[in-house]
Amino acid sequence: MRSYGQYCGLARALDVVGDRWNLLIVRQLLIAPARYRELLDGLPGVATNLLADRLRDLEAAGVVERNLAEGTNAVVYALTEWGAGLREPIEGLVRWSTPLMTRGPEDDRFDAAWLVVALRALLPGGHRSPAIGIEVDGSLFRLRAAPGGTEVEKHDGGELDAVLRADAAIVLGLAAGALELDDVAGLVDIEGDEGAVRDLLQTRHAVPRA
């Protein structure tokens, strides 16, 4: 593993996670533990040998660990307790990126699962709120504000007070505060309690301006 050779916290951290793809691997594992094939599918553009190298480096550094899926011999990658501490700086980078996201996806690839990390970063939570669903590209996520932050997860079939359906760029714009619900009324579909959607979106992190 290459090193900057500097006795500095940032340099030491970048020695571990600064290589290309490392933080995106962590993003995937913040969503959920994953098998190698699932990581490949969630990281479009990564070469198989490079992913294997990066996982090996992250495991050696103590960021990632391998476990066996229950009842099988299949290897599942997960973040260690120390590795999971990267959530805070990654969420900070998501918020910092807001001015870079305003031009929309253009030709970039998008996976709706990435919203699990992005929406938690952009919506800090607060008092416990009703559960709402956000559906993007056919994938439905359950969101609920709580004192420790907004809970974001793939919908498990439980009851939802409302469901908002929209394109990814609109959902991210609403979560970041770059868009207001009234501005995109003709571009979103809300089923159920619109007030619950508004309440969740009103509590947002302050985001930077370009």
Side-chain angles (χ1 to χ4, degrees), residues 24-35 38-39 41-44 69-70 76-79 81 83-95 97-98 101 105 109-185 187-207:
L24 295 185
I25 292 170
V26 174
R27 177 198 65 194
Q28 293 304 113
L29 297 178
L30 285 171
I31 296 170
R35 300 185 184 191
E38 292 169 332
L39 287 172
D41 292 343
L43 294 164
E70 187 174 353
V76 175
Y77 293 92
L79 295 172
E81 182 178 356
L86 284 163
R87 179 182 292 279
E88 183 179 351
I90 285 176
E91 289 184 351
L93 282 171
V94 170
R95 291 190 290 273
S97 76
T98 299
M101 299 292 284
R109 298 171 182 176
F110 173 75
D111 185 333
W114 300 338
L115 291 172
V116 171
V117 174
L119 293 178
R120 175 173 165 143
L122 296 169
L123 298 168
H127 297 296
R128 187 163 291 278
S129 72
I132 72 164
I134 290 185
E135 184 174 324
V136 175
D137 294 346
S139 295
L140 181 60
F141 302 92
R142 175 188 178 276
L143 282 73
R144 185 170 185 168
T150 297
E151 302 164 355
V152 185
E153 58 192 3
K154 291 185 178 179
H155 184 231
D156 60 2
E159 184 177 350
L160 298 170
D161 291 274
V163 175
L164 180 147
R165 298 180 180 89
D167 291 339
I170 291 175
V171 168
L172 290 169
L174 290 169
L179 298 173
E180 297 296 334
L181 204 52
D182 291 338
D183 300 331
V184 294
L187 301 175
V188 304
D189 175 65
I190 298 177
E191 176 184 334
D193 183 1
E194 182 176 324
V197 176
R198 290 183 179 275
D199 287 345
L200 184 77
L201 294 177
Q202 280 175 355
T203 304
R204 294 179 289 223
H205 280 288
V207 297

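If you're wondering where the values come from, they're calculated on a predicted model, not measured in any experiment.
The CG atom of Leu115 sits 4.0 Å away from the CZ atom of Phe110 when rounded to the nearest 0.5 Å. Note that the CD atom of Glu194 and the CG atom of Leu181 stand 5.5 Å from one another [nearest 0.5 Å]. Annotation: the span from Asp111 atom CG to Gln28 atom CD amounts to 6.5 Å, rounded to 0.5 Å. Atom CG in Leu39 sits 5.5 Å away from atom CG in Leu29 (nearest 0.5 Å).
Remark: side-chain polar atoms of Thr150 are paired, donor with acceptor, to backbone N or O of Leu123 under 3.5 angstrom. In this structure, the side chain of Asp161 does not engage the main chain of Ile132 through any donor-acceptor pair within 3.5 Å. With Arg95 contributing its side chain and Ala121 its backbone, the two residues share a donor-acceptor pair below 3.5 Å. In this structure, the side chain of Asp156 engages the main chain of Gly158 through a donor-acceptor pair within 3.5 Å. Put simply, the side chain of Ser129 gets close to the backbone of Ala145: a donor and an acceptor are under 3.5 Å apart.
Taking each heavy atom of Pro130 and Arg144 in turn, the nearest pair found is O-CG, 4.0 Å. Smallest separation of non-hydrogen atoms from Val76 and Ala69: CG2-CB, 3.7 Å. Heavy atoms only, all atoms of each residue included: Leu119 and Leu143 are closest at CD1-CD2, 4.0 Å. The two atoms that bring Ala131 and Glu159 nearest to each other are CB-O, 4.3 Å, heavy atoms only. When all heavy atoms of Arg198 and Asp182 are compared, the pair lying nearest together is NH2-OD1, 2.6 Å.
Residues Leu24 and Trp114 form no side-chain contact, since every pair of their non-hydrogen atoms from C-beta on lies 4.5 Å or further apart. Leu43 places a side-chain heavy atom less than 4.5 Å from the side chain of Ile25. Residues Glu153 and Val116 have side chains not in contact (no heavy-atom distance under 4.5 Å, counting atoms from C-beta outward). Under the 4.5 Å side-chain criterion, counting only non-hydrogen atoms from C-beta, Leu201 is not in contact with Glu180. Side-chain contact between Leu30 and Leu86 is absent, with no heavy-atom pair separated by less than 4.5 Å.
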Going through the checks in order, is the side-chain contact (heavy atoms from CB on, under 4.5 Å) test met by Ile134 and Val152? CA-CA 10 Å; Ile134 290 185; Val152 185; over 6 Å; no
Verdict with reasoning, Asp41 to Arg35, per salt bridge (charged side-chain N to carboxylate O under 4.0 Å, His left out): CA-CA 10 Å; Asp41 292 343; Arg35 300 185 184 191; over 6 Å; no
One pair to check against side-chain contact (heavy atoms from CB on, under 4.5 Å): Leu140 and Leu160. What are the steps and the verdict? CA-CA 11 Å; Leu140 181 60; Leu160 298 170; 4.1 Å; yes
Could you go through residues 163-179 and list every donor-acceptor pair under 3.5 Å that involves a side-chain atom there, pairing it with any protein atom two or more places apart or in another chain?
residue: Arg165; atom: NE; partner: Glu135; partner atom: OE1; Å: 3.1
residue: Arg165; atom: NH1; partner: Asp189; partner atom: OD2; Å: 3.2
residue: Arg165; atom: NH1; partner: Glu191; partner atom: OE1; Å: 3.2
residue: Arg165; atom: NH2; partner: Glu191; partner atom: OE1; Å: 3.2

